[in-house]
Amino acid sequence: MIGRKKIFCLILVGLLGLSSCGSPSSNSTKTMQTESELVYQSSLELEYAQNFSVDYYEGGYTLLTTKLNGAKYLVVPEGKHVPQNLDEDMVVIRRPVKNLYLVASSVMDLFSALDGLDAITFSGQKAEDWYIEDARRAMEDGDLLYAGKYNKPDYELIVSKGCSLAIENTMITHAPEVVEKLEDFGIPVMMECSSYESHPLGRVEWIKFFGALLGKEEQAQKIFEEQTRILDDVAADEKTDKTVAFFFVTSNGLVQVRQSSDYVPKMIELAGGRYIFENLGDPNTKRSTLNMQVEEFYRGAKDADYLIYNSSIDGGVKDMEELLEKCSVLSDFKAVKEGNVWCTTKDLYQQSLSIGGMMEDIHTMLQGGKEEQMHYLFCIE
């Protein structure tokens with residue numbers, strides 16, 4: 001769970017003597033020893049993701065680790081016993097996985113793609129707030145219940161209905177009292193931290209994590225391969241060296257931009273462009289955004305070839321007039337004068353598997369393609 005450091009320490013008996021303890025994904029023993037031995041088989045090979053690992057053991061047991069907080073989850077196959085003498089911090093999840101409380105909204109897209117919505121009973125979003133059609137329909141049909149936001153869950157509902165696990169995003173670190181209370185009720189917490197992945201496909205690769213949770217690894221692998229195919233296609237073309245600013249105007253008049261080490265600048269680079277802010281922010285921090293004064297944004301981005309307005313917070317803008325009402329100095333920007341201002345669609349932040357499509361759209365934009373060819377960007381006029 002949140003903040004836990006160890007998986008368990010186990011004792012080898014008889015002729016084998018003593019062995020070290022730890023996860024096979026680190027450089028430690030390949031065998032976890034309990035009264036019923038778990039024998040290591042293999043670890044899932046990851047191409048881009050750096051914040052989780054998956055280890056497999058004989059008998060169908062799966063060990064999931066989230067590296068941000070060191071939390072470990074042992075997935076027990078249906079009909080199999082729970083190994084004895086596990087460390088008390090180990091979270092045990094039985095298959096079939098069910099009665100999940102899904103608060104991390106970006107994960108819903110992954111469950112939907114994996115045909116895994118039947119594992120989720122509780123939602124951190126209301127029906128009208130979902131852009132994932134399967135989730136909206138499930139809530140309208142009563143198969144998915146609204147159970148409150150991350151900082152104010154409906155404890156009575158989730159406890160009475162037998163919630164087995166709460167899947168949160170990193171926002172839960174701002175509400176440690178919620179984690180404590182959930183655990184007091186016997187509900188473990190899993191913190192999904194795909195937002196800490198620096199490579200765009202590192203975020204997408206989290207589908208393998210949830211595929212391993214549900215026992216749908218092959219399906220997850222096929223979905224991920226489709227995303228890598230898109231990357232290969234857009235990366236094959238020659239770089240344009242055209243510059244792009246990705247931004248949002250806050251309610252108090254500041255401009256929110258992405259740190260240069262964030263995944264969005266990386267998407268722009270992979271699509272053949274160049275993020276206008278080359279060395280912005282501290283790459284050693286986990287923050288993806290920072291706010292700057294309008295004057296600073298003007299100096300850094302007024303000559304950008306393209307502007308992309310991020311709609312994920314305020315719902316975006318429908319036309320240039322609305323954008324200039326938010327920030328009038330944009331009228332002096334090169335991209336505004338040349339008609340190269342774009343906006344993301346409202347559903348983008350919930351669509352974890354949109355990253356490949358978004359890179360395609362940016363690539364199309366940079367190549368002068370038509371808006372009709374795009375899915376997640378539209379031109380502001």
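Two rings, from W342 and Y306, have their centers 6.0 Å or more apart. For F297 and F333, the gap between ring centers is short of 6.0 Å.
Ring orientation note: the planes of F185 and Y155 are tilted relative to one another, at an angle of 30° to 60°.
Atom-to-atom distance recorded for N291:CG and E296:CD is 10.5 Å, nearest 0.5 angstrom. Note: I355 CD1 to S194 OG = 8.0 Å, rounded to the nearest 0.5 Å. Interatomic distance, Y131 OH to M108 CE, rounded to the nearest 0.5 Å: 15.0 Å. Atom CE in M139 sits 13.5 Å away from atom CD1 in I132 (nearest 0.5 Å). Here L165 contributes atom CG and L100 contributes atom CG; the two are 5.5 Å apart, rounded to the nearest 0.5 Å. The CD atom of E197 sits 7.5 Å away from the CZ atom of F52 when rounded to the nearest 0.5 Å.
M365 is not listed as a side-chain neighbour of D361, based on a closest heavy-atom distance of 4.5 Å or more. Residues N340 and L307 are not in side-chain contact: their nearest non-hydrogen atoms beyond the backbone lie 4.5 Å or more apart.
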(message) Run the salt bridge (Lys or Arg N to Asp or Glu O under 4.0 Å) test on D134 and R137 for me, step by step, so that the C-alpha distance in whole Å, both residues' side-chain angles and the decisive distance to 0.1 Å come before the verdict.
(response) CA-CA 5 Å; D134 286 346; R137 189 182 307 113; 3.1 Å; yes

(request) For V82 and R94, run side chain to side chain contact (heavy atoms under 4.5 Å, CB included): C-alpha distance rounded to whole Å, both residues' side-chain angles, the deciding distance at 0.1 Å, then the answer. (result) CA-CA 9 Å; V82 176; R94 289 182 175 274; 3.1 Å; yes

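Cation-pi contact between R258 and Y275: absent, since separation from the ring centre below 6.0 Å together with deviation from the ring axis within 45° is not met. Both the sub-6.0 Å distance and the 45° axial angle are not jointly satisfied by K161 relative to the ring of F122.
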Under 3.5 Å, side-chain donor or acceptor atoms of residues 234-255 against the rest of the protein: list the pairs with distances, not counting sequence neighbours.
from, atom 1, to, atom 2, distance (Å)
D237, OD2, H363, NE2, 2.8
K239, NZ, E269, O, 2.9
T240, OG1, K242, N, 3.1
T240, OG1, G272, O, 2.8
D241, OD1, R274, NE, 3.1
K242, NZ, L366, O, 3.2
T243, OG1, D305, N, 3.0
T243, OG1, D305, OD2, 3.2
T250, OG1, N252, OD1, 2.3
T250, OG1, L254, N, 3.0
T250, OG1, L254, O, 3.2

Please output the side-chain donor-acceptor pairs of residues 370-381 that fall under 3.5 Å, not counting sequence neighbours, one pair per line with the distance.
from, atom 1, to, atom 2, distance (Å)
E371, OE1, C379, N, 3.4
Q373, OE1, K370, N, 2.8

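D282 and Q259 form no side-chain donor-acceptor contact under 3.5 Å, judged by distance and modelled atom types alone. When only modelled atom types and interatomic distance are considered, Y56 and E217 share a side-chain donor-acceptor pair under 3.5 Å. A donor-acceptor contact closer than 3.5 angstrom is absent between the side chains of W206 and S106. Side-chain contact of T121 with N99: a donor-acceptor pair under 3.5 Å is present, judged by distance alone.
In summary, E225 and K222 do not engage in a salt bridge, as defined by a charged side-chain N under 4.0 Å from a carboxylate O.
With Y61 as the partner, the side chain to side chain contact (heavy atoms under 4.5 Å, CB included) test is satisfied by one option alone out of V76, V75, V39: V76.
The backbone N or O of E47 sits less than 3.5 Å from a side-chain atom of E205, completing a donor-acceptor pair.
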